[in-house]
Amino acid sequence: MKKCIFIKQKMLYMEWLVLFMLILIGFVLLILEFLVFPGVNVAGILGFACVGIAIYIAYSTMGMTVGHFTLLGTALCGFGVTYYVLRSKTWKRMQLHTQIDSTVEGVDESIQEGDIGMTQGRLAPMGKVRVGNSVVEAESRSGYIEGNREVVVLKVYKNKIVVKLKTE
């Protein structure tokens, strides 16, 4: 008789262990889903399935009272984990704290509207143009322009110039 009680207690501990492990694995998978794998992936589905199976096992093998407490505990833990994850301090610890202080190499400031330049290659409709001593990215307003043709600067932007074919 004592051996039978020992086996039942051991099985009860195993059921509790399975229950807690399923809930823990489910929460870990859900956290991974929300923080690491965005979108509806296998991790989120498996996480919800693990938690659902744990609650089902609690109701089916341990009774209504234990099932209710498991459901309540799982819901409270879920809200607690959600609150912890969505706090701003949690995100501040995970974000990068570096700043980009470099800039894109722009067009030489000596280039003005009306300057004359020479195409380095074909502008189709983008390409390289030499204006004075600077070679810059250019966009053609006259369609395709063959290489080694004179162009007029129409507009100067920070990263490119707009040109048209020079007509005499």
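Looking only at side-chain heavy atoms (C-beta outward), Y59 and V66 stay at 4.5 Å or farther from each other. No side-chain heavy atom of I161 sits less than 4.5 Å from a side-chain heavy atom of Y157. The side-chain heavy atoms of K160 and M126, taken from C-beta on, include a pair separated by under 4.5 Å. Side-chain contact between V151 and K164 is absent, with no heavy atoms from C-beta onward closer than 4.5 Å. Contact of the K128 side chain with the V136 side chain is not registered, since no non-hydrogen atoms from C-beta on lie closer than 4.5 Å.
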* Asked: Between I23 and T70, does a side chain to side chain contact (heavy atoms under 4.5 Å, CB included) hold up when you go through it step by step?
  -> CA-CA 10 Å; I23 292 172; T70 304; 4.0 Å; yes

* Asked: Which is it for R149 and L165 under the side chain to side chain contact (heavy atoms under 4.5 Å, CB included) test, yes or no, and what are the steps along the way?
  -> CA-CA 8 Å; R149 302 286 304 266; L165 187 60; 3.8 Å; yes

* Verdict with reasoning, V51 to L22, per side chain to side chain contact (heavy atoms under 4.5 Å, CB included) -> CA-CA 6 Å; V51 172; L22 279 172; over 6 Å; no

* Go through the steps for L30 and F48 under the test side chain to side chain contact (heavy atoms under 4.5 Å, CB included), then give the verdict. => CA-CA 7 Å; L30 287 172; F48 277 118; 3.7 Å; yes

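Hydrophobic clustering of Ile, Leu, Val, Met, Phe, Trp and Tyr side chains at less than 4.5 Å, counting indirect connections, keeps V153 apart from I116. Under the 4.5 Å side-chain heavy-atom criterion for Ile, Leu, Val, Met, Phe, Trp and Tyr, I145 and V152 are members of distinct hydrophobic clusters. Two different hydrophobic clusters hold W16 and I55 under the rule that ILVMFWY side chains link at heavy-atom gaps under 4.5 Å. Hydrophobic cluster membership differs between F69 and Y56, with clusters built from Ile, Leu, Val, Met, Phe, Trp and Tyr side chains linked at under 4.5 angstrom. Note: the hydrophobic cluster containing V42 also contains L29 (ILVMFWY, side chain heavy atoms under 4.5 Å, direct or indirect links).
Closest of all the heavy-atom pairs between S140 and G143 is OG-O, 2.5 Å. Taking both residues in full, the closest heavy atoms of V156 and Q112 are given as CG2-C, 4.1 Å, listed atom of the first, atom of the second, then distance. Here the closest heavy-atom approach between residue C50 and residue G26 is recorded as CB-CA, 3.7 Å. For the pair C77 and F27, the tightest heavy-atom approach, listed with the atom from each and the gap, is CB-CE1, 3.7 Å.
Interatomic distance, CG of L19 versus CD1 of I53, reported as 11.5 Å (0.5 Å rounding). Expressed to the nearest 0.5 Å, how far OG1 of T167 lies from CD of E150 amounts to 11.0 Å.
Side chain of S134 to main chain of I111: no donor-acceptor pair is present (N/O by atom type, distance under 3.5 Å, no hydrogens or angles). Checking side-chain atoms of T119 against main-chain N and O of V129 turns up no donor-acceptor pair under 3.5 Å.
Screening R141, E139, E113 against L154 for a side chain to side chain contact (heavy atoms under 4.5 Å, CB included) leaves a single residue, R141.
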